[in-house]
Colleague: 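Supplied in structure tokens, the structure appears directly below.
As a basis for the values below, the full set of heavy atoms in this structure was taken, side chains included, without hydrogen atoms, waters or symmetry mates. Throughout, a chain's letter reflects where its sequence line sits, starting with A, and its residues are numbered from 1.
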There are 2 protein chains.
Amino acid sequence: MLKSIEDYLKNIYELQEHFERVTTNQLAEKMGITPASATGMIKKLAAMNLVKYRPYQGVELTDAGRLMALEVIRHHRLIELFLAKALGVPWDRVHDEAEKWEHVLSEDIEERIDRFLGSPRWDPHGAPIPDKAGNIEQRPRVRLCDITHPQAVRVLEVSDHDPELLRYLGKLNIYPQTDLTILSIEPFDKSMTVRHQQSTHTLSALVTSYIWVLPEEHMKKGQANAV
Amino acid sequence: MLKSIEDYLKNIYELQEHFERVTTNQLAEKMGITPASATGMIKKLAAMNLVKYRPYQGVELTDAGRLMALEVIRHHRLIELFLAKALGVPWDRVHDEAEKWEHVLSEDIEERIDRFLGSPRWDPHGAPIPDKAGNIEQRPRVRLCDITHPQAVRVLEVSDHDPELLRYLGKLNIYPQTDLTILSIEPFDKSMTVRHQQSTHTLSALVTSYIWVLPEEHMKKGQANAV
DNA sequence: ACTTATTTTTAGGGCAACCTAAAAATTAAA
DNA sequence: TTTAATTTTTAGGTTGCCCTAAAAATAAGT
């Protein structure tokens, strides 16, 4: 399996998490290539039965394609956690490194890393790590910016694509598993004031849109999500 | 720096360790490509001032080329040791993995691995790890097959290119730093009978040609080479 | 519904790194 | 030293993945 094919499948998978149909333009923009290039590769993937392609209508992964995408994502997330745990790489740098390593990981080393980490369920940003069979855990979660009333929440996951965001959250000590109390929500700009341990911070709507939390109705049931 | 350029430089370096002149054919054979392909890339490397090239006469690395080669080798050997120490990968498998990883290692991670391992001087096969400046330790050493009289020797290094050899030596518990006593050398086929701890083994000349040891005259001076 | 704007695809190239086959240079042998 | 064998290079081609520019299909605006 070639590197670029792995990359296309992974990116299509990630877009499918957010959008009904994945269009050529979306994919091209996400991958930093031209739409023409995306079209070409999509046709190749379709010929390999990794995606279903209807010209002008977008792509979607086949079962085989999704399985491959999930394997790449498994590699990516295991490597992220491995770099963090074994080498102390800060969480804002693990993503870019994993982008490169994910394509050179053998089955044997994958298994050893998995064992070393104790078959972890989440990566350093709280994203679920698919198992070897391609099962990926779906947790009930809402974006922090979509919460409308003051309440206690637990951070489940944060976006990993912008290192600056991660450094900011790191400074505030906000990580997956962190408990926050939403004190108030400003109607004007939806900025949110939260308490965390001893300190209080005000988070912009941009920041809260990149944070997913456990919804209130699930907070009681001891869904502690210990790693 | 591109993967294939790194590979060419590394292979030229390795050939230069054994031969005066590195020829197109040697390089092509070592890399599993055709001589025509090697010629093409050599010209490219020469244009980049990484090798000195005289048509029909072979190549040699420039200072810049040697420095790059040594950086790749540093990556390779640090990764081999890291895989062995951190993940318990057996020494007959670390080479092939490192071949892939060496091309995706960032400076930051290189430093972290180096720190994790305590700035090690040798890889799992006993080969010296160049420092960041490109200095590589030269130890006095002889091939075991070149020793002509019974004596005590210490294994310094073994060839890492054949996993089968490494598994064989592993079964015999022969590793770098292992002390052996040469009991006898058979004149007919140069096979060697050695004692190691409680057991005695007879090694063929093929095997002994892949093992480097500390020459007798250096054995006293406590050159223990602790890792 | 028809024109305009946008999205997507096709057509035609470029570049890196490989290949085969033929030509040229070097080395070895008679 | 002339021929034969070997090594090395050149010439031309393939594949993978990217590009730009132009054409075609779809979607939007009046």
Colleague: Taking the side chain of Asn25(B) as its heavy atoms from C-beta onward, which of dT7(D), dT8(C), dA16(C) lies nearest to it?
Modeller: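 Closest nucleotide to the Asn25(B) side chain: dT7(D).
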Colleague: Contact class for Thr24(B) (heavy atom, under 4.0 Å): base, sugar-phosphate, or nothing?
Modeller: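 The answer is sugar-phosphate, as Thr24(B) gets under 4.0 Å only of primed atoms, P, OP1 or OP2.
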Colleague: I need the CD1-C1' distance between Ile42(B) and dA16(C), as an integer number of Å.
Modeller: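 Atom-to-atom, Ile42(B) to dA16(C), this comes out as 16 Å.
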Colleague: The side chain of Tyr53(B) lies closest to which of these nucleotides: dC19(C), dT8(D), dT10(C)?
Modeller: dT8(D)
Colleague: Side chain of Met41(B), heavy atoms from C-beta onward: which of dT8(C), dA17(C), dT8(D) has the nearest atom to it?
Modeller: dA17(C)
Colleague: Send over the distance from Ile33(A) CD1 to dC19(D) P, rounded to a whole Å.
Modeller: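 About 6 Å, once rounded to whole Å.
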Colleague: Over how many whole Å does the gap from Gln26(A) atom CD to dT6(C) atom C1' extend?
Modeller: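 That distance rounds to 14 Å.
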Colleague: Across the strands shown, which category fits Ala36(B) at heavy-atom distances under 4.0 angstrom: base, sugar-phosphate, nothing?
Modeller: base
Colleague: Counting the atoms with a prime plus P, OP1 and OP2 as sugar-phosphate, which does Pro55(B) contact under 4.0 Å by heavy atoms, base, sugar-phosphate, or nothing?
Modeller: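 It contacts sugar-phosphate atoms only.
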Colleague: So Ser37(B), base contact, sugar-phosphate only, or nothing? Heavy-atom distance under 4.0 Å.
Modeller: base
Colleague: Between Leu27(A) (CG) and dT7(C) (P), how many Å, whole number?
Modeller: 15 Å
Colleague: Could you walk me through whether Thr23(A) and Asn25(A) pass the side chain to side chain donor-acceptor pair (under 3.5 Å) check?
Modeller: CA-CA 5 Å; Thr23(A) 68; Asn25(A) 264 15; over 6 Å; no
Colleague: Consider side chain to side chain donor-acceptor pair (under 3.5 Å). Of His75(B), Glu71(B), Glu102(B), which one does Lys10(B) pass it with?
Modeller: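 Between Lys10(B) and the candidates, side chain to side chain donor-acceptor pair (under 3.5 Å) is satisfied uniquely by Glu102(B).
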Colleague: Provide, to the nearest angstrom, the distance between the NZ atom belonging to Lys3(A) and the P atom belonging to dC18(D).
Modeller: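 Checked: the NZ to P distance equals 9 Å.
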Colleague: Between Arg21(A) and Gly58(B), who's closer to the 5' end of DNA chain D by nearest nucleotide?
Modeller: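 Per heavy-atom nearest nucleotide, the more 5' residue is Gly58(B).
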Colleague: Check this for me, if you would: do Arg77(B) and Glu80(B) make a salt bridge, where the nitrogen-to-carboxylate-oxygen distance has to be below 4.0 angstrom?
Modeller: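 Looking at Arg77(B) and Glu80(B), the cut-off is not met.
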Colleague: More 5' along DNA chain D: Tyr8(A) or Gln57(A), using each one's nearest nucleotide?
Modeller: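 It is Tyr8(A), whose closest nucleotide lies nearer the 5' terminus.
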Colleague: Could you check His125(B) against His95(B) for side chain to side chain donor-acceptor pair (under 3.5 Å), going step by step and ending with a plain yes or no?
Modeller: CA-CA 10 Å; His125(B) 315 100; His95(B) 176 78; over 6 Å; no
Colleague: What is the distance, to the nearest angstrom, from the NZ atom on Lys44(B) to the P atom on dA17(C)?
Modeller: 3 Å
Colleague: For a quick test of reading the model: is some side-chain N or O of Thr39(B) closer than 4.0 Å to OP1 or OP2 of dT8(D)?
Modeller: no
Colleague: Consider salt bridge (charged side-chain N to carboxylate O under 4.0 Å, His left out). Of Asp131(B), Asp114(B), Asp123(B), which one does Arg74(B) pass it with?
Modeller: Asp114(B)
Colleague: Using whole Å, report how far CZ of Arg54(B) lies from P of dT9(D).
Modeller: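 Value for this atom pair: 12 Å.
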Colleague: Rounding to an integer number of Å, can you tell me how far Glu6(A) CD sits from dC17(D) C1'?
Modeller: 15 Å
Colleague: Regarding Lys43(B), tell me which of base, sugar-phosphate or nothing describes its non-hydrogen contacts under 4.0 Å with the strands shown.
Modeller: sugar-phosphate
Colleague: Using the side-chain heavy atoms of Pro35(A), tell me which of these nucleotides is nearest: dC19(D), dA16(C), dT9(C).
Modeller: dT9(C)
